[in-house]
Amino acid sequence: MRPVVRLSNARKAFGGSQVLKDISLEVLPGEVVAIIGPSGGGKSTLLRCLTLLERLDGGALSYSAKDGSEIVVARPDGDDPDAPAVYADKRELARAREQFGLVFQNFNLFPHMTVMQNVMDAPLVVQRRGRAEVEGQAHELLCKMGLEGCEEKVPCQLSGGQQQRASIARALALNPRALYFDEPTSALDPELTGEVLRVLKQLAAEDTTMVVVTHEMAFAREVADRVIFMDGGVTVEEGPAEQVMGAPRHERTRAFLGRFGA
């Protein structure tokens with residue numbers, strides 16, 4: 001089975017600070033991967049590199065397209081794995097962006113647009129799909145997210161949980177092969193966190209491919225197929241959720257999980 005995304009020997013620095021140090025990752029279709037670890041450990045930077053919001057300094061990144069072809073986003077400049085990363089042209093990068101959707105921790109909805117317009121915007125403008133098709137799909141997604149009746153509201157009229165569910169609908173409207181979530185509940189109180197986690201569990205049950213950066217240890221334990229514990233820009237531990245969360249092999253992982261009572 002071809003991975004949806006493959007990252008090899010990724011390196012990223014900001015100034016003199018090395019944030020990602022030789023990170024490799026593959027995500028299979030239908031897999032839910034939870035990335036956990038302390039703040040500053042490189043989790044969000046990893047997600048930003050996977051979603052092309054930041055460029056790798058070195059390493060390789062590729063996506064498999066819906067038609068089965070491979071989209072090489074970045075590769076080392078030559079045979080030396082320590083060589084700088086060379087990125088593909090704009091056309092290939094655009095193809096890569098069609099393979100994933102991204103849900104931010106602070107929603108990032110357009111404040112001047114209605115919920116319906118937020119969900120429909122990218123499929124209409126970026127994918128140039130027909131309005132009738134996009135509108136029908138948007139209605140279905142908003143109903144699925146429990147937002148029926150909110151179509152004509154603007155984001156400031158919604159609760160935080162509703163805004164995040166609208167963000168998930170917006171990401172799904174692009175028909176991506178994978179969804180990335182960057183701390184999707186960090187801006188929410190416990191009650192609203194539960195609303196969003198229920199949606200993520202529903203998506204996982206439908207075999208949606210997801211990579212979730214999270215501090216919700218119960219979600220990682222119950223829903224993820226695989227858990228990656230990152231600290232200091234490296235993968236400290238990786239494995240099935242029941243092993244990493246229930247019987248971690250590394251002392252650093254045990255110490256981190258102990259702070260959450262996990």
Side-chain angles (χ1 to χ4, degrees), residues 4 30 32 34 44 47-48 50-53 63 66 93-216 218-219 223:
V4 174
V32 179
S44 291
L47 214 61
R48 290 179 65 83
L50 288 170
T51 55
L52 310 184
L53 295 175
Y63 279 89
K66 297 172 186 177
L93 294 181
R95 286 185 66 215
R97 289 187 178 95
E98 292 178 355
Q99 311 310 313
F100 60 80
L102 174 59
V103 178
F104 299 89
Q105 55 184 298
N106 291 318
F107 324 134
N108 282 25
L109 296 169
F110 294 116
H112 61 287
M113 290 185 178
T114 67
V115 171
M116 191 69 171
Q117 289 170 334
N118 265 283
V119 175
M120 293 177 60
D121 181 63
L124 290 175
V125 176
V126 178
Q127 296 181 330
R128 299 185 182 279
R129 290 158 51 195
R131 176 169 290 274
E133 175 204 347
V134 171
E135 188 170 0
Q137 181 190 29
H139 275 297
E140 290 178 7
L141 287 171
L142 289 174
C143 289
K144 181 177 182 176
M145 294 297 117
L147 294 172
E148 189 173 11
C150 296
E151 292 87 348
E152 299 308 313
K153 292 183 178 180
V154 292
C156 67
Q157 295 176 300
L158 304 180
S159 70
Q162 288 174 322
Q163 289 187 62
Q164 193 60 292
R165 283 181 279 143
S167 297
I168 296 171
R170 179 179 60 181
L172 287 168
L174 293 167
N175 298 320
R177 297 204 68 209
L179 284 180
Y180 293 109
F181 296 84
D182 186 9
E183 296 283 6
T185 60
S186 66
L188 305 176
D189 64 34
E191 182 178 356
L192 299 180
T193 291
E195 292 179 12
V196 174
L197 291 178
R198 281 192 292 274
V199 169
L200 297 188
K201 290 177 182 179
Q202 177 187 354
L203 292 173
E206 296 169 356
D207 291 327
T208 304
T209 306
M210 294 190 287
V211 178
V212 187
V213 171
T214 184
H215 280 111
E216 297 292 336
F219 171 83
V223 182

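Sequence positions, counted from 1, serve as the residue numbers for this chain. What you see is a predicted model, and the numbers here were worked out from it, not measured in a lab.
- With sequence neighbours excluded, the residues that form a side-chain contact (heavy atoms from CB on, under 4.5 Å) with Ala34 are Thr214, Ala220, Ala224, Val227.
- With sequence neighbours excluded, the residues satisfying side-chain hydrogen bond (donor to acceptor under 3.5 Å, both in side chains) with Gln105 are Ser186.
- Here CD of Glu216 is found 8.5 Å from CD of Glu183. Values are rounded to the nearest 0.5 Å.
- Residues Pro155 and Pro111 share a closest heavy-atom pair of CD-O, 3.8 Å.
- Formation of a donor-acceptor pair under 3.5 Å by the Thr208 side chain with backbone atoms of Ala204 is not found in this model.
- Side-chain contact between Asn108 and Ser167 is absent, with no heavy-atom pair separated by less than 4.5 Å.
- Applying the salt bridge (charged side-chain N to carboxylate O under 4.0 Å, His left out) test to Glu140 and every residue at least two apart in sequence or in another chain returns nothing.
- Here the side chains of Lys66 and Asn175 are in contact, with some heavy-atom distance below 4.5 Å.
- Applying the ring-ring contact (aromatic ring centres under 6.0 Å, His included) definition to pairs two or more places apart or across chains, none involves residues 137-161.
- Shown here are the side-chain hydrogen bond (donor to acceptor under 3.5 Å, both in side chains) partners of Arg95, two or more places apart in sequence or in another chain: Ser69, Glu92.
- From Phe107, atom CZ reaches atom CG of Asn118 across 12.5 Å, with rounding to the nearest 0.5 Å.
- Not a single donor-acceptor pair under 3.5 Å links the side chain of Glu152 to the backbone N or O of Val115.
- In plain terms, the two heavy atoms of Leu93 and Leu52 that are nearest each other are O-CD1, 4.0 Å.
- Shown here are the salt bridge (charged side-chain N to carboxylate O under 4.0 Å, His left out) partners of Glu191, two or more places apart in sequence or in another chain: there are none.
- Phe181 CZ to Leu200 CG: the interatomic distance, rounded to the nearest 0.5 Å, is 5.0 Å.
- Taking Tyr63 as the reference, Phe100 meet the ring-ring contact (aromatic ring centres under 6.0 Å, His included) condition, with sequence neighbours excluded.
- With a 4.5 Å cut-off on side-chain heavy atoms, Leu188 and Gln163 do not count as touching.
- With sequence neighbours excluded, the residues satisfying side-chain hydrogen bond (donor to acceptor under 3.5 Å, both in side chains) with Gln127 are Arg129.
- Here the side chains of Val4 and Gln99 are not in contact, with every heavy-atom distance at 4.5 Å or above.
- Nearest approach of Leu192 to Ser159, heavy atoms of both residues: CD2-OG, 4.1 Å.
- A pairwise comparison of heavy atoms in Ala169 and Val119 identifies O-CG1, 4.0 Å as the closest pair.
- For Phe219, there are no ring-ring contact (aromatic ring centres under 6.0 Å, His included) partners two or more places apart in sequence or in a different chain.
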Could you walk me through whether Arg97 and Val126 pass side chain to side chain contact (heavy atoms under 4.5 Å, CB included), step by step?
-> CA-CA 10 Å; Arg97 289 187 178 95; Val126 178; over 6 Å; no
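- Within the model, atoms CG of Asp182 and OG1 of Thr51 stand 8.5 Å from one another, a figure rounded to the nearest 0.5 Å.
- Here the side chains of Gln117 and His112 are not in contact, with every heavy-atom distance at 4.5 Å or above.
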Give the C-alpha distance, both sets of side-chain angles, the deciding distance and a yes or no for side chain to side chain contact (heavy atoms under 4.5 Å, CB included) between Arg131 and Val134.
-> CA-CA 5 Å; Arg131 176 169 290 274; Val134 171; 5.8 Å; no
Checking side chain to side chain contact (heavy atoms under 4.5 Å, CB included) for the pair Leu203/Ile168: CA distance, chi angles, key distance, verdict?
-> CA-CA 10 Å; Leu203 292 173; Ile168 296 171; 3.9 Å; yes
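- When every heavy atom of Pro123 is checked against every heavy atom of Met120, the shortest pair comes out as CD-O, 3.2 Å.
- How far CD of Gln157 is from OG1 of Thr114: 10.0 Å, rounded to the nearest 0.5 Å.
- The side-chain heavy atoms of Thr209 and Arg177, taken from C-beta on, include no pair separated by under 4.5 Å.
- Under the salt bridge (charged side-chain N to carboxylate O under 4.0 Å, His left out) criterion, Glu98 pairs with no residue at all, not counting sequence neighbours.
- A pairwise comparison of heavy atoms in Ala171 and Pro176 identifies O-CD, 3.4 Å as the closest pair.
- Proximity of Gln202 to Lys144: side-chain heavy atoms (C-beta onward) are separated by under 4.5 Å at one or more points.
- Residues passing the side-chain hydrogen bond (donor to acceptor under 3.5 Å, both in side chains) test with Glu195, sequence neighbours excluded: Arg165.
- Proximity of Leu142 to Cys150: side-chain heavy atoms (C-beta onward) are nowhere separated by under 4.5 Å.
- For Arg170, the salt bridge (charged side-chain N to carboxylate O under 4.0 Å, His left out) criterion is met by no residue, not counting sequence neighbours.
- Here CD of Gln137 is found 8.5 Å from CG of Leu174. Values are rounded to the nearest 0.5 Å.
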